[in-house]
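Throughout, protein chains are lettered first and strands after them, A, B, ... in sequence-line order, and every chain is numbered starting at 1. This is a predicted model, so every value here is computed, not measured.
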2 protein chains.
Amino acid sequence: MARALSQRQRAILEYIERFLDENGYPPTIREIQHDLRISSTSVVDYNLNVLEQRNLIRRNRNISRGIELVGRRSAERRVIRIPVVGQIAAGQPLPVLEEVDPSNVDDHIELSADLVGKQPDGLFALRVKGFSMVDALISDGDIVVLRRQETAENGETVAVWLRREQETTLKRFYHEGDRIRLQPANAMMDPIYTTPDNVEIQGKLVTVLRAVS
Amino acid sequence: MARALSQRQRAILEYIERFLDENGYPPTIREIQHDLRISSTSVVDYNLNVLEQRNLIRRNRNISRGIELVGRRSAERRVIRIPVVGQIAAGQPLPVLEEVDPSNVDDHIELSADLVGKQPDGLFALRVKGFSMVDALISDGDIVVLRRQETAENGETVAVWLRREQETTLKRFYHEGDRIRLQPANAMMDPIYTTPDNVEIQGKLVTVLRAVS
DNA sequence: TATACGAGCGAACAGATGTTCGTGTCAAGG
DNA sequence: CCTTGACACGAACATCTGTTCGCTCGTATA
């Protein structure tokens, strides 16, 4: 088992990798045969079996193009793709998610999973307009990643729509008796106190991103 | 073109994504048909054509499993993997990159390429300790991505080591005559003026990341 | 020399799969 | 009421594709 791969086996393996990168789907036995100038499909089959025994690929019998490269997908899995569905500014509410066709959003960002918590569900991103959130250490041009939710635990940073003020803001949320305290992330700033009927929670802050020009 | 996808089209798209993740190769029309309880392969074919016109997938005619998810592979390629080599704090210089064995760094972050500029070379990341950089809208626990460089253009945000003060800071850099102005990103803060021999540029700020607990 | 075995050949076979086409349904609009 | 277009059906068809099998060749090995 310690034997090295034959030149042909190496060539086949490299061919599969390249094919997969270029096409997004695996090659057929005949494509391998043709492009590598192998005289018979059975030779390809023979060598694919060798590669499978070496645990370099996995074959799915009786399935066309049923070749998987072992160990390839797992690394790519931990990258989350998040749609950028609009912008967030002090004087305007968040875009209504349901009105955004996720398949028509062509603006995306990608992050490793550990930056966005456990589940990648319900995540969306917004571009920050203006400087109304510097107290949350968030500036114009930043991208914020939020998870859609309508309630908040004490201490969570949430995007809230203040009904009376007609304003969106990002603050730490504290329910204190019959009032709500919205605490800026910047400790040097003073909190806002308001009533529950005035706040409409739009989502929880998950990640802040700033790409410096 | 502004029309939303039908429920069935969305289901097919999601199915293809899931299938691809689980199997490493795309599904056949009949697999889609069967698992989604669609009565005819031609219905699948019809909807796949719609998805292709929307530029969500690419189909390769007369090829089994010839379905590609547009933007999936190419997007994954542009994901940059950046090593987190240490931490940055006001009172300590940056770790010397050459002393860090890159193969021993098991802490990494992943970002889409457009967040870090054109080339992925010379990039490294640091965890921010302390609150000495709130004036740059950077707080304790943030991760900063830097590109190693020893000089700076006017206006670039750089990590500098101030020799006399024995201190690391992140500021916008301006060379003004025979002195240097280090301008906090937060417009409400005052700049620092110092002399060129006191500043040691360690890298240029590329991205700031904040994962909110 | 006889035997074993890895490796390769070529052809035929059987499924697996994409394509096509006539037909049907339904809602919107004239 | 008729037309149109989006969407769906189901069956027949034509390839595409994996599998199998008998055979050859060269190099060890007994």
Worksheet item: Quick one: salt bridge (Lys or Arg N to Asp or Glu O under 4.0 Å) pairs with a partner in residues 154-166 of chain A, sequence neighbours left out?
Response: Glu156(A)-Lys204(A), Arg163(A)-Glu200(A), Arg164(A)-Asp197(A)
Worksheet entry | Residues in contact with DNA chain C, drawn from residues 59-67 of chain A - heavy-atom cutoff 4.0 Å | Asn62(A), Ile63(A), Ser64(A)
Atom pair distance, as rounded to whole Å: [atom1] in [X] and [atom2] in [N]:
X: Gln7(B); N: dC7(D); atom1: CD; atom2: P; result: 13 Å
X: Asp35(B); N: dT17(C); atom1: CG; atom2: P; result: 12 Å
X: Ile16(A); N: dG18(D); atom1: CD1; atom2: P; result: 11 Å
X: Leu48(A); N: dT20(D); atom1: CG; atom2: P; result: 14 Å
X: Ile12(A); N: dA7(C); atom1: CD1; atom2: P; result: 12 Å
X: Ile32(A); N: dC16(D); atom1: CD1; atom2: P; result: 17 Å
X: Glu31(A); N: dT17(C); atom1: CD; atom2: C1'; result: 14 Å
X: Tyr25(B); N: dG18(C); atom1: OH; atom2: C1'; result: 18 Å

Worksheet entry | Under 4.0 Å protein heavy-atom contact, by nucleotide of nucleotides 8-14 of chain C - B base, S sugar-phosphate only | SBBBB--
Can you sort out the partners of [X] under salt bridge (Lys or Arg N to Asp or Glu O under 4.0 Å), two or more places apart, ordered by chain and number?
X: Glu52(A); value: Arg61(A)
X: Arg18(A); value: none
X: Asp140(B); value: none

Anything under 3.5 Å between a donor and an acceptor, one on a side chain of residues 37-44 of chain B, the other on a protein residue two or more places apart or in another chain? List them.
from, atom 1, to, atom 2, distance (Å)
Ser40(B), OG, Ser42(B), N, 3.0
Ser40(B), OG, Ser42(B), OG, 2.8

Discussion item. For the residue pair Arg181(A) / Gln183(A), report whether a side-chain donor-acceptor contact shorter than 3.5 Å exists.
Written reply: yes
Fill in: All ring pair (Phe, Tyr, Trp, His ring centres under 6.0 Å) counterparts of Tyr193(A), not counting sequence neighbours
none
Practice prompt. Please name all residues satisfying ring pair (Phe, Tyr, Trp, His ring centres under 6.0 Å) with Tyr25(B), sequence neighbours left out, ordered by chain then number.
Written response: Phe19(B)
Worksheet item: Does Glu176(A) CD have over 12 foreign heavy atoms under 6.0 Å away?
Response: yes
